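Predicted model, so just to flag it, every value in this text is computed and none were measured. Order of the sequence lines fixes the chain letters, A, B, ..., with proteins taken first and strands second; residue numbering starts at 1 for each chain.
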Amino acid sequence: MNVHTPLILAEGVYKRFGRTEVLRGIDLAVAPGEVCCIIGPSGSGKSTLLRCVNHLEKIQAGRIWVDGQMVGYADHGDHLQELPDREVQRRRAQIGMVFQRFNLFPHMTALENVVEGPIGVSRRPRAEAEEHARWLLERVGLAEKANAYPRHLSGGQQQRVAIARALAMRPRAMLFDEPTSALDPELVGEVLTVMKALAAEGMTMMVVTHEVSFAREVADTVVFMDEGQIVEHGPARDVIIDPQSPRTREFLTRVS
Amino acid sequence: MPVRPLRRPWRWGAGAVIIVVAALLARSIATNPRFEWSVAWDYVFSRQLAEGALMTLQLTVICMVIGVALGITLAIMRQSDLWLVRRAADLYVWFFRGTPVLVQIIFWFNLAALYPVIAVGVPGLEPWVTLDANTIITPMAAALLALGLNEAAYMSEIVRAGLLSVDDGQREAAQSLGMSRARIMRRIVLPQAMRVIIPPTGNETIGMLKTTALVSVVAVADLLYVTQTIYSQTFQTIPLLIAASIWYITLTTILSIGQARLEKRYSRGAHEVDTTPWTHRVRISLARFHAPVPRRLS
């Protein structure tokens with residue numbers, strides 16, 4: 001796959017919950033190594049779009065590909081065949097996800113959280129998985145917290161463990177769903193620092209965020225969504241500093 | 001200026017009444033010769049009662065294992081995406097909770113009247129195995145079936161409450177790692193649900209230990225049946241019932257201690273484990289009871 005083929009590609013993605021249309025025809029391409037920030041008012045469908053990328057939500061129309069593989073379905077020419085659970089799980093394992101409320105497993109230590117996927121899903125030997133996990137915890141600055149339970153960690157520390165847990169699966173891309181929204185203001189910085197380092201290493205990232213300054217600083221592209229549609233999409237500086245759509249402009253003045 | 005605490009004469013009065021009643025009761029129990037304490041005490045350590053207690057314990061353990069395993073299955077069925085699966089589990093719970101367990105025991109015991117022959121195989125073909133219901137439904141089998149299946153109905157409610165107590169974000173995080181449904185249930189959801197499941201399950205186990213006394217009606221040699229057999233010959237009804245009660249109360253006490261241990265184990269990571277010894281905790285609560293009214297003025 002060359003650099004110009006998108007790693008994540010969405011075409012005409014349509015999704016509704018009951019009678020509410022949440023995504024109304026989303027077309028989006030994220031190149032390998034690109035950091036794409038999705039901003040927009042709450043209820044605009046940005047988190048839902050992220051969740052569709054690893055098939056936590058099913059879509060009613062359109063297609064999504066990650067690394068050339070269609071998400072959730074197989075193309076049989078005349079129809080789309082829903083994939084068996086095992087195949088969906090295999091593909092999910094290649095995409096890391098970080099949640100707003102961390103969702104660490106509270107009955108496991110930080111280290112156990114990080115090795116759960118590699119050992120249980122990827123069937124790696126425990127010693128190797130633990131070595132990798134300790135290295136990851138060190139990278140997020142939590143080497144000394146390996147044996148701490150989540151409740152003994154601050155929100156920022158928990159979120160960094162959650163990032164390490166997602167990275168432990170050696171994902172092709174990382175999805176961040178408002179990773180700093182549940183944090184006290186003074187803890188936001190430590191999580192963003194880890195994410196910046198990840199971006200600098202060339203990880204492909206889709207980040208739903210309210211941190212406009214992070215988007216401006218780190219993102220390659222910024223997507224502005226409203227009412228289930230992409231209103232504006234382009235290089236980060238263009239969208240944030242010189243937005244073309246009045247809706248984007250209005251949103252940006254409200255949040256910054 | 002010194003503060004004089006409020007006098008509370010009613011508290012002292014209530015305490016005095018309790019002490020007097022307790023003393024009278026104790027004297028009556030100790031001095032009434034018809035309790036025949038020495039007889040009761042001898043029977044506590046008799047071989048028959050010990051064997052009966054062992055049978056009671058066996059019944060409790062086996063029935064709880066059946067109840068928990070089937071209860072987890074039913075609870076998972078009740079969360080199924082399929083309407084038919086959910087309704088089947090509901091129907092099961094409705095039926096077994098709706099009929100007295102004593103009736104169920106007698107019913108299973110008399111199964112042979114309904115199905116004299118039990119055949120295993122594919123319908124329409126020659127059965128692989130044919131069994132005589134009278135031989136396989138022994139009193140013990142009837143007891144296990146009735147108590148185990150009945151318990152499953154109650155356990156499924158307890159397990160379901162536990163499963164519902166686990167945040168959806170936990171399942172999502174596990175899914176995003178690519179974990180299978182079975183693994184998510186086993187590694188992520190159930191261990192967390194345990195915190196909610198264990199306390200009522202302990203109560204169920206203690207309840208089961210006592211409910212097993214019902215199986216004496218179908219002549220399973222449990223603690224109560226053994227006791228009844230003896231006093232029907234010796235007519236020492238009261239001392240034998242006391243001896244059996246000593247066994248029951250000892251066993252339930254041991255189970256309660258085990259329950260407390262288990263609760264501690266499954267609270268791992270959830271909240272601070274209280275390591276204060278119980279004697280100390282009692283003293284703390286007594287101290288609170290005796291604490292003087294907080295001083296506002298000084």
* Can you tell which part of Arg91(A) gets under 4.5 Å to a heavy atom of chain B, answering side chain, backbone, both or neither? => neither

* To do: Please say whether more than 12 non-hydrogen atoms of neighbouring residues, nucleotides or ligands are located less than 6.0 Å from CZ in Arg187(B).
  => no

* To do: Could you look at Phe105(A) and say if it's the side chain, the backbone, both or neither that has a heavy atom under 4.5 Å from chain B?
  => both

* Portion of Leu56(A) that has a non-hydrogen atom of chain B nearer than 4.5 angstrom -> side chain

* State whether a side-chain donor-acceptor pair under 3.5 Å links Gln89(A) with Ser180(B). => no

* In terms of heavy-atom contacts, does CD1 of Ile249(B) have more than 12 from other residues, nucleotides or ligands at under 6.0 Å? -> no

* Looking only at atom types and distance, does a side-chain atom of Gln81(A) sit under 3.5 Å from a main-chain N or O of Ala74(A), one as donor and one as acceptor? -> no

* Structure fact -> Whatever's closer than 4.5 Å to a heavy atom in chain B on Arg90(A) counts as neither

* Asked: What closest approach, in Å, do Met155(B) and Val68(B) show between heavy atoms, and which atom pair accounts for it?
  -> CE-CG2, 4.0 Å

* Asked: Using non-hydrogen atoms only, which part of Leu175(A) is less than 4.5 Å away from chain B: side chain, backbone, both, or neither?
  -> neither

